There are 2 protein chains.
Amino acid sequence: MAMPAQAAALAVPGNMGDVRRSNLALVMGRIARQPAGVHLTRAHVAATTGLTKASVSSLVVALLDAGLVRETGLNPQGERGRPGVGLELNPARAVMGMEINVDYIAAGVTDLSGTLLLREVRERDNRDSEPGPVVAALAALAASLRVEATGRGIQIVGGGLAVPGLVDPARSMVLAAPNLGWEGVPLDLAALLPGSPLGVALFNEANAAALAEIARRPAGDADFLFVSGEVGVGGGLVIGAELFTGPAGHAGEVGHVVVDPGGTRCSCGGTGCLETVAGQDAIFAAAGMAGLPVTRSAALAALLSALDSGDPGARAAVDRAGRALGVALASTARVVNVGSVVLGGHFAVLDQWLRAPLLASLEKYAPGKFTPGQLTVTAVGDPGALLGAAGSVVRSLVEAPHLLQA
Amino acid sequence: MAMPAQAAALAVPGNMGDVRRSNLALVMGRIARQPAGVHLTRAHVAATTGLTKASVSSLVVALLDAGLVRETGLNPQGERGRPGVGLELNPARAVMGMEINVDYIAAGVTDLSGTLLLREVRERDNRDSEPGPVVAALAALAASLRVEATGRGIQIVGGGLAVPGLVDPARSMVLAAPNLGWEGVPLDLAALLPGSPLGVALFNEANAAALAEIARRPAGDADFLFVSGEVGVGGGLVIGAELFTGPAGHAGEVGHVVVDPGGTRCSCGGTGCLETVAGQDAIFAAAGMAGLPVTRSAALAALLSALDSGDPGARAAVDRAGRALGVALASTARVVNVGSVVLGGHFAVLDQWLRAPLLASLEKYAPGKFTPGQLTVTAVGDPGALLGAAGSVVRSLVEAPHLLQA
DNA sequence: ACGATTAGTTCATTGCCTGAACTATATGAG
DNA sequence: CTCATATAGTTCAGGCAATGAACTAATCGT
């Protein structure tokens, strides 16, 4: 719920409890947004949120009781007047991010400020795998991290799982993950974090990575498209610092924008999709690297050295991918009106080779829409999906602190 | 503001006034959604909204005082128990929709239920016109309709203006309307309806037309892309029964999706945009009708008869436009994840000739995403932009009835 | 005519924010 | 060392909005 000046018609009556929850979120958000280590007092919260000191005091008590916030010592530096009691996010609460990908599973723990405390990646070939054992292995990994966290006095209150495919979060289902060979797979998310108050949320990998980017961008720069380059090409659309997933939950899928109407068949059944030109397998094949190193990171390294040594096939393949990406981004920019793009996956790795053809293509198909500065590379990198999945739990907690109230 | 179960972090403290406004909107929305002529009582509002009878009574008094709602007689048919007092939208309040287009200006008055009460279209060539006289002529037209409405005891509380071009509603500016020859034109919207309590809102024409479609669609079918075929190709993206305009306010511009990377230059500076293949001028030119009838409706009629008589050039041109539209819609469907499309403008007129190549193209580039039933033609037609602009005012009033409180 | 039934109002209660008054604890000047 | 000043935080009365129960109002069926 949102409560301010503009009222939107809703299906549910509002009451005073909603005011309380809204203001609780306001105070929680203020505390969460405070830079780490900078003293923040009730008085300052009141002054910056517009709430009265009396209300803030009452709301902070609720947050303390819920264990979301902690009091630190008094203001250390000598200022006039009574020193205020410091407030910060409770470091004894944390969330778990988890990821299932083609070559590995991973789990990590972040505190409520988004700092990564623990992380563990287990290599594992999940191609054409059975979902059951993969999820069981991830549950075991998560359990071990949880034990480690508990040993440090840290409670895991919830988690998020990122999967490389189309998901239906509402039904906890993986609708289609071609690279895992999963289709219509229901997941027992609760088993990943048994008994955690907030449970486990499910995300598409590119969407989770996009969420992780949000926190790492300058404030106000809250609209962008994250493009994830893996075997497939995924996308996460962020508008107003919110993930925009569209009516059916799969918006931002820039990998299947048509970039070549006369092109080749895509695994999705379509024709000339971006993925058929700029996906990892497509680039490797076009560069004449078919049947080369098994792992993707090795293949990428091989491609990079081929590019460095001036291999014409490799250069042409990347050039073509860059131009195609430009076509897709130009169209996307028109339809959803975003002017900033963040490149992830192999697009980030290949940035120096990709950038020139991509910018040229953007200028040709959407002149004036993009400046080079609006085309950036992921600030998070590999653990992006994991951090984003974890961060989403933090975010839901900041927006609805009452979820953890007694 | 929105008030229910899920709280979103906001910059502004909530208080009980927000609860009041939210519930006011809830009751107002319930009354507005009641089919015309069907008796609706306070008791029924309470039962369907979840508010208590006491709250509903109090809220209804406020709506009556604001003049938004009216009591009708008692329940006519004999049912057991005390008959309830009927409630309906006040027929003495109305809004004005206005439109500036290439060949005409238009204004119309609708009551709060969206019924068109008055409408007047004045032919007028606005190509490469000065904004001042056009707006003055529209103001005069609006004034005359307002006099007529006042004569019937109807008060105009606000209005909306639709313009064929990119607009910045916040600054009341037309950023670019190539077909009018306007660029960076500030509009004195207040002059169109002097002294009206809600003022005049500004819309892009395709967006306004999309708004008008919302009300005419079956409930639950709230996600679609409206494609407006005029000289240019515009679009209005509706998600969750809300217009989605994106970060900069121009989302849904499907006319500049790239459908042919090797294609011709577009007026926007890009290359191979949908508009270069499927815009009216493009189709007329491809059909070999350059320099034909002056007015667009005459040219369209000529094209239709050429199609009827089997003219191969005309058929090929429309075929090509249909296929290109399919490419653009396939890409758009992936990026924003809409599965329904509403055709307007010449796309609606040419539907029978366009449909087959369009569906074939959709099936080729986005297989399984569209069924023929999800491809429909405008249910509103010509006055769409006008009705949508007017409807937007009604909508804002329903969502924030307190705007008209004393 | 009277009981049953439904509509709508009145009123005491509860919850939350607000503003003012008050308490608590520091700094700095004399 | 003491006191004025300044700032932090709590307490408390007041107001507002929703709630639920009790009450009044109006109609139907028998």
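Just so it is clear, the model here is predicted, and its values are computed rather than measured. In what follows, every heavy atom counts, from backbone to side chain, and hydrogens, waters and symmetry copies are set aside. In the text below, chain A, chain B and the rest are named by the order of the sequence lines, each starting its count at 1.
Across the helix from dA1(C)-dT30(D) to dG30(C)-dC1(D), the helix axis at one end is tilted relative to the axis at the other end by 20° (nearest 10 degrees, each axis from five pairs).
Look at Thr41(A) and you'll find a side-chain N or O under 4.0 angstrom from OP1 or OP2 of dG9(D).
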Test side-chain contact (heavy atoms from CB on, under 4.5 Å) applied to Thr245(A) and Asn337(B), step by step: CA-CA 8 Å; Thr245(A) 56; Asn337(B) 206 354; over 6 Å; no

Take Arg30(A) and His44(A) through the test side-chain contact (heavy atoms from CB on, under 4.5 Å) and record every step on the way to the result. CA-CA 10 Å; Arg30(A) 180 63 188 82; His44(A) 200 206; 3.7 Å; yes

Take Arg20(B) and Leu59(B), measure what side-chain contact (heavy atoms from CB on, under 4.5 Å) needs, and give me the verdict at the end. CA-CA 8 Å; Arg20(B) 183 69 171 176; Leu59(B) 291 160; 3.4 Å; yes

Give the intermediate values and the outcome of salt bridge (charged side-chain N to carboxylate O under 4.0 Å, His left out) for residues Arg42(A) and Glu71(A). CA-CA 10 Å; Arg42(A) 288 168 172 79; Glu71(A) 288 188 342; 2.6 Å; yes

Which protein N or O atoms sit under 3.5 Å from an N or O of nucleotides 15-19 of chain C?
{"residue": "dC17(C)", "atom": "OP1", "partner": "Asn23(A)", "partner atom": "ND2", "Å": "3.1"}
{"residue": "dC17(C)", "atom": "OP2", "partner": "Arg20(A)", "partner atom": "NH1", "Å": "2.8"}
{"residue": "dT18(C)", "atom": "OP2", "partner": "Ser55(A)", "partner atom": "OG", "Å": "3.2"}

Distances under 3.5 Å only, N/O to N/O: pair up the protein atoms with those of nucleotides 22-25 of chain C.
{"residue": "dA24(C)", "atom": "O4'", "partner": "Arg82(A)", "partner atom": "NH1", "Å": "3.4"}
{"residue": "dA24(C)", "atom": "N3", "partner": "Arg82(A)", "partner atom": "NH1", "Å": "3.4"}
{"residue": "dT25(C)", "atom": "O2", "partner": "Arg82(A)", "partner atom": "N", "Å": "3.2"}

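Between Thr41(A) and Arg82(A), the side chains place no donor N or O within less than 3.5 Å of an acceptor N or O (distance only, hydrogens not considered). Neither side chain, Thr48(B) nor Arg33(B), offers a donor N or O lying under 3.5 Å from an acceptor on the other. Looking only at atom types and distance, the side chain of Ser55(B) has a donor-acceptor partner in the side chain of Thr52(B) under 3.5 Å away.
Judged as a ring pair (Phe, Tyr, Trp, His ring centres under 6.0 Å), and not counting sequence neighbours, Phe224(A) has no contacts. Residues meeting the side-chain hydrogen bond (donor to acceptor under 3.5 Å, both in side chains) test with Arg216(A), sequence neighbours left out: none. Under the side-chain hydrogen bond (donor to acceptor under 3.5 Å, both in side chains) criterion, Thr72(B) pairs with no residue, sequence neighbours left out.
Residue contacts for Val56(B): at a heavy-atom cut-off of 4.0 Å it reaches no nucleic acid atom on any strand shown. Across all strands, Ser57(A) comes closer than 4.0 Å to base atoms (heavy-atom distances).
Separating the CZ atom in Arg21(B) from the CD atom in Glu399(B) is a distance of 14.5 Å, to the nearest 0.5 Å.
Here dT5(D) presents its P atom at 9 Å from CZ of Arg80(A), a figure rounded to the nearest Å. Leu26(B) places its CG atom 10 Å from the P atom of dA18(D), with the value rounded to the nearest Å. Rounded to whole angstrom, the span from the CG atom of Leu40(A) across to the P atom of dA8(D) amounts to 11 Å.
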